[in-house]
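Below you'll find the structure, written out as structure tokens, and then a few comments.
Note on naming: letters A, B, ... go to the chains in the order of the sequence lines (proteins, then strands), and numbering restarts at 1 for each one.
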Protein chains: 2
Amino acid sequence: MRRCNDAPKRHNLIDPSLFTLLFRRWDRHSALSKEEREAFSALPFVRKTLPKDAYLVEEGRPTSECTLLLQGFAYRHKLVHDGARQIISIHIPGEFIDLQHLMLATADHNVQTLSKTEIASVPAAALRDIGARYPALQRAIWLDLLIDASIFREWVVNVGRRDARTRIAHLLCELALRLDASGTDTSPTYEFPLTQDQLADATGLTPVHTNRTLQSLRKDGLIALSSSRLTVLDWDALRDAGDFSERYLHHAVRHPGRS
Amino acid sequence: MRRCNDAPKRHNLIDPSLFTLLFRRWDRHSALSKEEREAFSALPFVRKTLPKDAYLVEEGRPTSECTLLLQGFAYRHKLVHDGARQIISIHIPGEFIDLQHLMLATADHNVQTLSKTEIASVPAAALRDIGARYPALQRAIWLDLLIDASIFREWVVNVGRRDARTRIAHLLCELALRLDASGTDTSPTYEFPLTQDQLADATGLTPVHTNRTLQSLRKDGLIALSSSRLTVLDWDALRDAGDFSERYLHHAVRHPGRS
DNA sequence: CGGAAAATTGAGTACTCTCAACCAGCGTGG
DNA sequence: CCACGCTGGTTGAGAGTACTCAATTTTCCG
């Protein structure tokens with residue numbers, strides 16, 4: 001809408017279908033009109049291709065943009081004093097990786113690509129503006145943030161109070177379910193972008209112990225995992241092993257009265 | 001603004017000075033006008049006194065209200081399959097404990113009081129409405145949520161990649177700094193509402209090990225801790241011991257352009 | 001085909017846990 | 001006023017999950 005015909009300089013870099021994954025995900029919790037989608041698509045996104053291991057966000061840096069993952073995976077992490085790394089979340093295609101930059105002026109963690117990725121960045125101010133104009137978009141953005149926060153809470157529980165096997169199974173369940181929901185992959189086989197070292201850093205374990213624990217999950221017939229592909233062989237068993245309950249993902253939120 | 005003069009039925013239960021702590025905290029990141037404070041104070045808050053251990057939020061329950069802690073402490077937690085508990089955050093006077101209810105329809109965790117508390121609850125819809133009308137209030141609310149999320153991230157790191165001594169020291173640093181900032185307590189002695197069992201559940205340790213670790217911190221002259229009072233005897237040493245860096249608390253956020 | 005990254009295996013270690021008993025503070029009641 | 005009982009804190013000893021170090025094999029990719 002509104003004059004998008006005459007000024008295609010920046011956003012003609014963007015194929016509208018690129019937002020398919022995002023919109024599909026948002027549809028689960030926020031009904032968006034055609035007008036809202038178009039307004040969103042008309043934002044001054046800048047598209048980029050990044051190699052594996054590239055930094056998307058760096059701790060301590062001032063923030064000004066929000067970045068949407070179009071293709072590929074990314075992970076959020078922090079380093080502790082002795083150089084160890086804790087991965088805080090994994091991000092899949094169709095997710096914003098740093099919506100907190102809407103209001104927080106300084107990055108408090110790092111985000112790196114797990115694989116070659118395509119991203120689309122937009123100034124945080126532009127996102128704030130469009131949110132102010134379209135309440136449904138505002139709602140979708142904030143819901144994403146709240147669900148992220150809910151996942152962080154579950155991760156605190158996961159690394160805080162579960163043993164190695166349960167932790168890893170839980171993480172696999174979460175990733176499988178999120179990939180399913182986003183429609184990027186179909187059950188029961190998923191792209192799995194983490195090395196065992198990274199899986200260890202996500203679960204607070206050592207790589208060696210992670211390796212042995214994965215073998216145990218394989219031996220018990222719960223999963224197959226090799227060459228970046230995860231197959232869930234027995235969902236119920238994996239779910240049990242991971243003490244997994246999907247409530248925290250809020251995949252089906254009830255709409256509170258818009259207001 | 002609009003007729004708040006004629007309907008004081010509910011909010012005359014609230015003494016405006018009760019929001020002092022909240023407003024003082026919000027002042028750090030969101031400048032609020034007199035009008036905005038008054039509009040906020042005029043919301044239909046309901047005030048209540050709760051005993052120790054009372055549930056403020058219960059996992060699985062539908063949500064409809066947001067609750068502000070006026071006095072006393074509360075903790076957020078989840079239970080895992082084998083009955084173990086992980087505490088996810090501690091909340092101090094002047095903080096909202098469940099702003100995520102603005103949009104999430106079902107509680108994904110529990111919140112319980114740590115001590116006798118006074119709270120003020122307000123319908124989530126009323127908070128959403130006032131946020132839509134007053135951007136500065138909206139901003140303050142969302143910043144609180146984003147800072148909460150940042151704290152969750154740091155907790156993932158804390159329980160995931162730090163040893164017992166560092167974990168506990170880190171948590172003590174965080175609490176001391178937050179209490180300082182909120183003005184509820186003055187350095188170097190703070191009210192400390194957690195039992196060792198709860199401290200263990202917050203750090204992912206066992207009570208026994210927590211006890212021994214605390215003794216080590218005491219022996220080394222970093223802290224004094226007894227009968228619900230924490231004294232930081234050597235801030236620099238405690239900070240070092242806890243691998244603590246306060247950036248994630250975002251106590252001084254730069255204002256992004258209001259929009 | 002070669003080199004680097006990732007995965008796997010082995011053996012010894014240690015941080016943290018478990019179990020269990022004991023102590024201390026404190027509010028209640030006889 | 002002191003006994004009682006409960007909650008919270010402390011101590012001891014033994015066990016185990018997960019860690020460390022180091023070597024080896026496999027996979028990936030140019």
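Less than 4.0 Å separates DNA chain C from no heavy atom of any residue of residues 79-91 of chain B.
A search for side-chain contact (heavy atoms from CB on, under 4.5 Å) contacts involving A:T195 returns A:D197, A:Q198, not counting sequence neighbours. For the salt bridge (Lys or Arg N to Asp or Glu O under 4.0 Å) test, no residue two or more places apart in sequence or in another chain qualifies with A:E191. When the salt bridge (Lys or Arg N to Asp or Glu O under 4.0 Å) test is applied to A:R218, no partner is found at least two apart in sequence or on another chain. Listed by chain and number, the residues in a side-chain contact (heavy atoms from CB on, under 4.5 Å) with B:S216 are B:R165, B:D220 (sequence neighbours excluded). Residues satisfying the salt bridge (Lys or Arg N to Asp or Glu O under 4.0 Å) test with A:R25, not counting sequence neighbours, are A:D144. Partners of A:S64 by side-chain contact (heavy atoms from CB on, under 4.5 Å), not counting sequence neighbours: none found. The salt bridge (Lys or Arg N to Asp or Glu O under 4.0 Å) search around A:R178 returns A:E95, A:E174, not counting sequence neighbours.
Taking the screw axis at each terminus of the helix from C:dC1-D:dG30 to C:dG30-D:dC1 from five consecutive base pairs, the angle between the two is 40° to within rounding of 10 degrees.
At least one side-chain heavy atom of B:Q86 sits less than 4.5 Å from a side-chain heavy atom of B:V159.
Distance CG (A:L199) to P (C:dA7): 9 Å, rounded to an integer number of Å. Counting to the nearest Å, the P atom of D:dC29 and the CG atom of A:D53 are 13 Å from each other. Between A:I168 atom CD1 and D:dA18 atom C1' there is a gap of 11 Å when expressed in whole angstrom units. Rounded to whole Å, atom P of D:dT27 lies 18 Å from atom CZ of A:F192.
For residues 151-207 of chain B, the set of pairs meeting the ring pair (Phe, Tyr, Trp, His ring centres under 6.0 Å) definition, not counting sequence neighbours, comprises B:H170-B:F244, B:H170-B:Y248.
B:R247 and B:E154 are not joined by a salt bridge, as no carboxylate oxygen comes within less than 4.0 angstrom of a charged side-chain nitrogen. Between B:K78 and B:E59, no side-chain nitrogen of the basic residue sits less than 4.0 Å from a carboxylate oxygen of the acidic one, so the salt-bridge criterion is not met. Remark: B:D201 engages A:R161 in a salt bridge, criterion side-chain N to carboxylate O under 4.0 Å.
Of the candidates A:D234, A:L225, A:I168, A:I168 is the only one forming a side chain to side chain contact (heavy atoms under 4.5 Å, CB included) with A:L217.
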Using nucleotides 16-18 of chain C, report all nitrogen or oxygen pairs with the protein that are shorter than 3.5 Å.
unit_1: C:dT16; atom_1: OP1; unit_2: B:A164; atom_2: N; d: 3.0
unit_1: C:dT16; atom_1: OP2; unit_2: B:H209; atom_2: NE2; d: 3.3
unit_1: C:dC17; atom_1: OP1; unit_2: B:T206; atom_2: N; d: 3.4
unit_1: C:dC17; atom_1: OP2; unit_2: B:T206; atom_2: N; d: 3.1
unit_1: C:dC17; atom_1: OP2; unit_2: B:T206; atom_2: OG1; d: 2.9

Just the atom pairs and distances: protein N or O near nucleotides 6-9 of chain D's N or O, under 3.5 Å.
unit_1: D:dG9; atom_1: OP2; unit_2: B:Q196; atom_2: N; d: 2.7

